[in-house]
Amino acid sequence: MLAGFRSFAKSPFAVVLFGLLIVSFAVFGISDVFRHPPGKWVIAAGSRNMTPEDFKAQFENFRKREQAQGQTITPDIAVQQGVDRKMLTQLALQESLAELVHKLGVRPSDKLVGDTLREQLASLPPGQRPFDPITGKFDAQMYQRLLAQNDLTPARYEASLRDDLAQAQLFSAVAASMRAPRIYSALQAAYGLEGRDLAAFAINPAILDKPGAPTDAQLQAFMKEHAAQLTRPETRVLSVARFSAKALESTVTVPEADVVKTYNFRKDTLGTAESRSFVQIVAPDAKAAAVIAQRLAKGDQPAIVASAYGKQPVIIDSKPKSALPDRKVADAVFTLAAGQVSAPINGDLGVSVVKLTKINPATLPSLESQRPAIEAELKTQAAQAKAYEQTQTYQDAHDGGANLITAATKAGALVLTTSPIAANGADQTGQPVPGLTPEALKSAFELPAGGESDLIEAGKGEYFAVRVEKVIPSAMPPLAEIREPLARQWMVDQLLTRMKAKADELTARVKKGESLEAVAASAQTQVQRVPNITRQNARQYQGLGRDLLMATFGAKPGAPFVSRGPQGGYLVAVVEKVHPGAPAQMAQITAAMGPQTSQGLFRDIGQAAQDAAKAQLKTKVNLTLARQAIGVDTSALPKDGEPGGDAKVTKEKAQ
């Protein structure tokens, strides 16, 4: 549900609301609220501050999601790819929106927040719900652990929930009355159904002079021109010591006595307690309770008996004794035989009578049924202990002066020496090197040649230590090493340049009045025609290539143009005719596209409104502090004013 609220808050209906509310900013005295202690925040929006710790939690959750999809994102890679900027920008937008809604006075009630929170928690998988499995009561500690797994606290999560509910309440009211004019979707229907007849011919390479082999000077110039693509990043050869509980599990044996001891210790929790099903009728007084007991004992239906006193019978299904709230009723229920009716019970919650309908005996799994799970768990624990012992042996040897390889060998750890790898963990073929965690990579690229890291704990009995055997600086490869593929590429580029020049020459002839067929024949090729290409059926013509299809829809009818072909060559083409869509089909699509067109319109208006809202709120971000929070050494980054630089403390408007 929380994800649903957030999606709604980011919808076109939400963002367009900015435009409607900007006029109310002045009421709040915006210029007076931006008093933020310097260096304590990464985002400041009105009275709301996002701390470095909050930003780090957001970043770590993003990393976990990326790693679950097989993507490695280290803090340094995040900076290189601009991920940190994008996250800061999006979070600044969210904080600005939440601040504005709060100042408008839109606040969900405590009851709504509580009900929504309970609904969210109840929707979790059974093993993750923070409720006692026996009593069904809320477990605050389990709730805190659940949030901690996602780097959240109850206060932070519930504040976020309040923001989401407030925005949902406000936006749902605004969105209900907003519709785009019908003409907008009609124009889109006409645009999508428009058909174009294409005629084209490809440039025949046979009519061109073939480029000769390049000289060294030409290749050197070609390398300089494509330096960005050819320059290899800094790589490093690493020795990685791995202390792995997983790898040690096959060497561990579990004593039978430990299996039995664990089973006996857990017996009470392995099985299920006896549970009972019964019908309970609450009586107005002891005299009525005696009558109810007599009638139930005779076999009268509980619903009929209860109705005589204006009551409904309470049906309890398969509950253990500990789950029954009234202790006196529980004692009575668990002394009855199946089908037996109790005497009147003076319980803590009033007088009542119960009839026992079913007994579910307690169950206890056998040792043999539990053995595989217990053995696997004990084996994992023993392997983790063994891996830890290895790290202690390694640490003692390393502290005594042994290098990483010697100390790891003494400890019996696995040692791998890698081929040259880049900071993103990829080898020279672009494939990721298995077994290297983001933390190990980060440590490896912070060390000098010959440097060795401290032990790095990766969790679940996995530890690493890395040694930098060699640093290979970023550099262009020598010409001799890439001469052959580089020469081939140079010749391809030369041929394409000549093809483009020929295509331009032939296009000029068509523009002067020669027929497409005559020009094609002079170039030893033929005209091909494709009728009625529309934006709806363009997928059927993917063989024409993306460039030609895009040029077809952008070209002026009757005007020849040059385009890249599907195989990388060049074509001369003309849109010979344009067909409007069928009126009936246009009407159908116009009606169907109404909601989508409204969303597109609101999105466009909302984007402009967002920019205006940020400017009015003067929302600020501190990019340097955000980077420091996620573990980036900002001293190594370019300074403000240098290429790619940021201010030492960047207080820029969120983009």
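- Identified under the salt bridge (charged side-chain N to carboxylate O under 4.0 Å, His left out) test for residues 533-555, with sequence neighbours left out: Glu194-Arg535.
- Listed by first and then second residue, the salt bridge (charged side-chain N to carboxylate O under 4.0 Å, His left out) pairs involving residues 565-580 are Arg529-Glu576 (not counting sequence neighbours).
- With sequence neighbours left out, the ring-ring contact (aromatic ring centres under 6.0 Å, His included) criterion links His226 to Phe222.
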Would you mind writing out the side-chain donor-acceptor pairs for residues 579-595 within the sub-3.5 Å range, not counting sequence neighbours?
{"from": "His579", "atom 1": "NE2", "to": "Asp197", "atom 2": "OD1", "distance (Å)": "3.0"}
{"from": "His579", "atom 1": "NE2", "to": "Asp197", "atom 2": "OD2", "distance (Å)": "2.8"}
{"from": "Thr590", "atom 1": "OG1", "to": "Met586", "atom 2": "O", "distance (Å)": "2.7"}

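- Judged by distance alone, the side chain of Gln218 and the main-chain N or O of Thr215 form a donor-acceptor pair under 3.5 Å.
- Pairs engaging residues 551-566 under the salt bridge (charged side-chain N to carboxylate O under 4.0 Å, His left out) rule: none recorded [sequence neighbours left out].
- For Gln81, the side-chain contact (heavy atoms from CB on, under 4.5 Å) criterion is met by Ile73, Ile77, Val83, not counting sequence neighbours.
- For the residue pair Thr74 / Arg63, no side-chain donor-acceptor distance below 3.5 Å is found, with atom types taken as modelled.
- Evaluation of the salt bridge (charged side-chain N to carboxylate O under 4.0 Å, His left out) rule for Asp163 yields Arg48 as partners, not counting sequence neighbours.
- Between Lys64 and Glu60, no side-chain nitrogen of the basic residue sits less than 4.0 Å from a carboxylate oxygen of the acidic one, so the salt-bridge criterion is not met.
- Residues meeting the salt bridge (charged side-chain N to carboxylate O under 4.0 Å, His left out) test with Arg242, sequence neighbours left out: Glu462.
- Applying the salt bridge (charged side-chain N to carboxylate O under 4.0 Å, His left out) test to Asp84 and every residue at least two apart in sequence or in another chain returns Arg627.
- Ion pairing between a basic and an acidic side chain is recognised when a charged N comes within 4.0 Å of a carboxylate O; Glu514 and Lys512 show no such pairing.
- Within the structure, every pair that satisfies the salt bridge (charged side-chain N to carboxylate O under 4.0 Å, His left out) test and touches residues 228-239, not counting sequence neighbours, is listed here: Arg232-Glu481, Glu234-Arg236.
- Taking Asp504 as the reference, Lys500 meet the salt bridge (charged side-chain N to carboxylate O under 4.0 Å, His left out) condition, with sequence neighbours excluded.
- Within the structure, side chain to side chain donor-acceptor pair (under 3.5 Å) contacts touching residues 435-444 (residues at least two apart or in different chains) are Lys442-Glu446.
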